Novice: 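Please read through the structure below; I'll follow up with questions.
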Amino acid sequence: MSDPVGDLLSAVVATASAVRGGGPVQPPTLERPSKPDFGDYSTNVAMLLAPGMGQPPRAIAERIAEGLGERLGNDLGRAEVAGPGFLNLFMSDAWCCRSLAGTLEAGDAYGAGDRSGAQRINVEFVSANPTGPVTVASGRHAAYGDSLCRILEFAGNDVDREYYVNDRGGQIERFVASIRARGQGEDPPEDGYQGAYVVEVAQRLPGAAEIDGEKLARRAVEIMLEEVRETLARFRVHMDRFSSEEALHDSGAVAEVLDRLEEREHVYPLDGAVWLRTTSFGDDKDRVLMRSNGELTYFGSDIAYHEDKRARGYDRVIAVWGADHHGYVARMRAAWEALGGDPEQLELLIMQLVSLIEGGQRAQMSKRGGEFVTLDDLVEDIGVDATRWFLLQRSHDTPLDLDLDLARRRSQDNPVYYAQYAHARIASILRRAGEERVTRALAADVAGSAEELHRSARSLVKRLLEFPEEVTEAAERRAPHRLTTYVTEVAQDFSAFYRDCKVVGAAEEGGDEDLRIATCESTRRVIARSLDLLGLAAPAEM
RNA sequence: GCCCCCGUAGCUCAGCGGAUCAGAGCGAGGGACUUCUAAUCCCUAGGUCGCAGGUUCGAAUCCUGCCGGGGGCGCCA
């Protein structure tokens, strides 16, 4: 795997270890300073070593600089000690060219994780109740969950995308009652679903009033799920599995889990209900599993569902929940542990709210009240790419204000087009060069190019070299939004390169056309991959 | 009362397992189209990173308290 920055960091650590006289070294930083005066890369390694060695950091930095010079040879232009003891590294053009060549040799795997640490991961997301269309709020879950899965896969894991269908319980009964009412031309009950879509569902279920309750519920859920699937498909989200709550009851899985909790003596009766002693595992109060009327709670089903996922043998089980479920985390984790689950394996991520702003007003969305904007509407309005970008730009634990007027009006200014435009522009340049010419350039000895690199070219190459680390960070921190920032930076750096360095006809200004074509191709691939990880298209022309 | 998230440039926010991170986009003002695609580029503006303590050689970043905003606290799902 080509990772020149990682290799450079390893060299720094090895040199530091030697200077200290062996032994492990606390992982130093290796950053790209904002000011060119501070070199291509800067490390704090000397300052980390100083306390243990009892020597001034600057003196240690000098010795590491010397050692690095020997270790890296021509790769290192020079190393300077700065400030309190930073070591600023200026890499040679040769190093940049060789590194660039490395990104191309890696092919499609550039930036991908190696499979040595591959995990089987289950990611459950969206899981919106099948009682209405997918809302924009669920769209955020869809965009986030799907992008996270793409990133986790690219980082070297095996991922299952899963949707949990709450196809029983009170909300289904209210949904059915609403359909029945609409089927007879009446308004739904007050606590029912008021949305106009219920009328359409009723029309697809003629004679709804006469159909048996359970059967009607199943068919209504089928219809809604079909729509959910279609909406998600248009949004480029494909679930590997839909898990039914009802099926867990039918199979006896729920009853079995309750028995096991009882065997383990985590359950007790009180006030006619059955409680789970979640406080034994850190929850602030115990929770009801079975109501005094004999009905199981949603929590009871959900325990069985998570136990089902656990039994499937994943290394890691991730669920993305809405902010309104945050109070639910402690009890689910408690139940997981009560059944013998490893708390390390269960990850419950809370997605903060999406608020819609329209006409300067904050609108709360309510599926039951029929007041919501559907994902389909928004996608139709501004397109899949802009919608996904919009929903992915912000960290999942930050509330998102979605200004509809802005989203529509600014559709041309949306930063997503900036990255896509850079990709299209590169594609255009490569078309101009011609397929045969590009092939020849990629086969050429780019690593050995003698071109004196323009600073824009150096910046761009260094940016491309950040890609593997960006993928790792985005995966480990469950943070797809980092890639929106990164791909924008790549596009910006490319724009500067485009301005300063002629590609086709580079020789006219003393440049190496092979090298510059290779730079374009590497950039194009990194942008395309980044966009793909976000679930966005990488157009060849715009 | 308890819990979660947030408070960074006029606006929307990134950065938050400490240092060389004070940044991006939009908005505002000015400039560049006989272009390897101007859906672009360049310049200007402006912030005591909510406040107060603490830890540290060093804090937007970690800890505590406070203030402000949003959300959640059911034998609903």
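Only heavy atoms go into these numbers, but all of them, side chains included; no hydrogens, no water, no symmetry mates. We name chains A, B, ... by the order of the sequence lines, and we start the count at 1 in each one. All of these numbers come straight from a predicted model, not from anything done at the bench.
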Novice: Are F38(A) and F86(A) near enough that their ring centres are under 6.0 Å apart?
Specialist: no
Novice: For atom C1', what is the distance between G58(B) and C62(B), given to the nearest Å?
Specialist: 13 Å
Novice: What is the nucleic acid contact for R425(A), judged by heavy atoms within less than 4.0 Å: base, sugar-phosphate only, or nothing?
Specialist: base
Novice: In whole Å, measure the gap between the C1' atoms of G46(B) and A52(B) for me.
Specialist: 26 Å
Novice: Select from L87(A) and Q393(A) the residue whose nearest nucleotide in RNA chain B is closer to the 5' end of that strand.
Specialist: Q393(A)
Novice: Is it true that R525(A) and E521(A) make a salt bridge, defined as a side-chain N closer than 4.0 Å to a carboxylate O?
Specialist: yes
Novice: Using the P atoms only, state how far C73(B) lies from A14(B), rounded to an integer number of Å.
Specialist: 25 Å
Novice: Please classify the nucleic acid contact of Q492(A) as base, sugar-phosphate, or nothing, using heavy-atom distances under 4.0 Å.
Specialist: sugar-phosphate
Novice: Would you say whether Y498(A) stacks on C36(B)? The test is a distance between ring centres of less than 5.5 Å and an angle between planes of less than 30°.
Specialist: yes
Novice: Taking U8(B) as the reference, what is the distance to C2(B) when you measure between their C1' atoms (whole Å, please)?
Specialist: 29 Å
Novice: Any N/O pairs under 3.5 Å between the protein and nucleotides 15-19 of chain B? List them or say none.
Specialist:
{"unit_1": "G15(B)", "atom_1": "OP1", "unit_2": "H481(A)", "atom_2": "NE2", "d": "2.8"}
{"unit_1": "C16(B)", "atom_1": "OP2", "unit_2": "R477(A)", "atom_2": "NH2", "d": "3.4"}
{"unit_1": "C16(B)", "atom_1": "OP2", "unit_2": "R482(A)", "atom_2": "NH2", "d": "2.8"}
{"unit_1": "G17(B)", "atom_1": "OP1", "unit_2": "R477(A)", "atom_2": "NH2", "d": "3.4"}
{"unit_1": "A19(B)", "atom_1": "N7", "unit_2": "N44(A)", "atom_2": "ND2", "d": "3.3"}

Novice: Assess the residue pair Q420(A) and W389(A) against the criterion (side-chain contact (heavy atoms from CB on, under 4.5 Å)); give the C-alpha distance rounded to whole Å, side-chain angles, the decisive distance to 0.1 Å, and a yes or no.
Specialist: CA-CA 11 Å; Q420(A) 291 185 318; W389(A) 179 276; over 6 Å; no
Novice: Under a 4.0 Å threshold between the charged nitrogen and the carboxylate oxygen, would E466(A) count as salt-bridged to K462(A)?
Specialist: no
Novice: Just do the salt bridge (charged side-chain N to carboxylate O under 4.0 Å, His left out) check on R333(A) and E337(A) with the steps written out, would you?
Specialist: CA-CA 6 Å; R333(A) 298 193 67 88; E337(A) 282 191 65; 5.6 Å; no
Novice: One thing to verify: whether E451(A) and R516(A) come together as a salt bridge, which I'm taking to mean a side-chain N less than 4.0 angstrom from a carboxylate O.
Specialist: yes
Novice: Can you name the residues that form a ring-ring contact (aromatic ring centres under 6.0 Å, His included) with Y498(A), not counting sequence neighbours?
Specialist: none
Novice: What is the distance, rounded to the nearest whole Å, between atom CE of M290(A) and atom P of G74(B)?
Specialist: 21 Å
Novice: Rounding to an integer number of Å, can you tell me how far N293(A) CG sits from C75(B) C1'?
Specialist: 7 Å
Novice: Let's see if you get this right: which residues in residues 505-514 of chain A place a heavy atom under 4.0 Å from RNA chain B?
Specialist: none
Novice: Base, sugar-phosphate or nothing for I350(A)? Non-hydrogen atoms, less than 4.0 Å.
Specialist: nothing
Novice: In whole angstrom, give me the gap between the P atoms of G15(B) and C57(B).
Specialist: 29 Å
Novice: Would you find more than 12 non-hydrogen atoms of other residues, nucleotides or ligands less than 6.0 Å from E509(A) atom CD?
Specialist: yes
Novice: I'd like to know if S292(A) reaches the base of C75(B) with its side chain, counting only an N/O donor and acceptor under 3.5 Å.
Specialist: yes
Novice: If I pick the P atom on G25(B) and the same atom on C67(B), what distance separates them, to the nearest angstrom?
Specialist: 37 Å
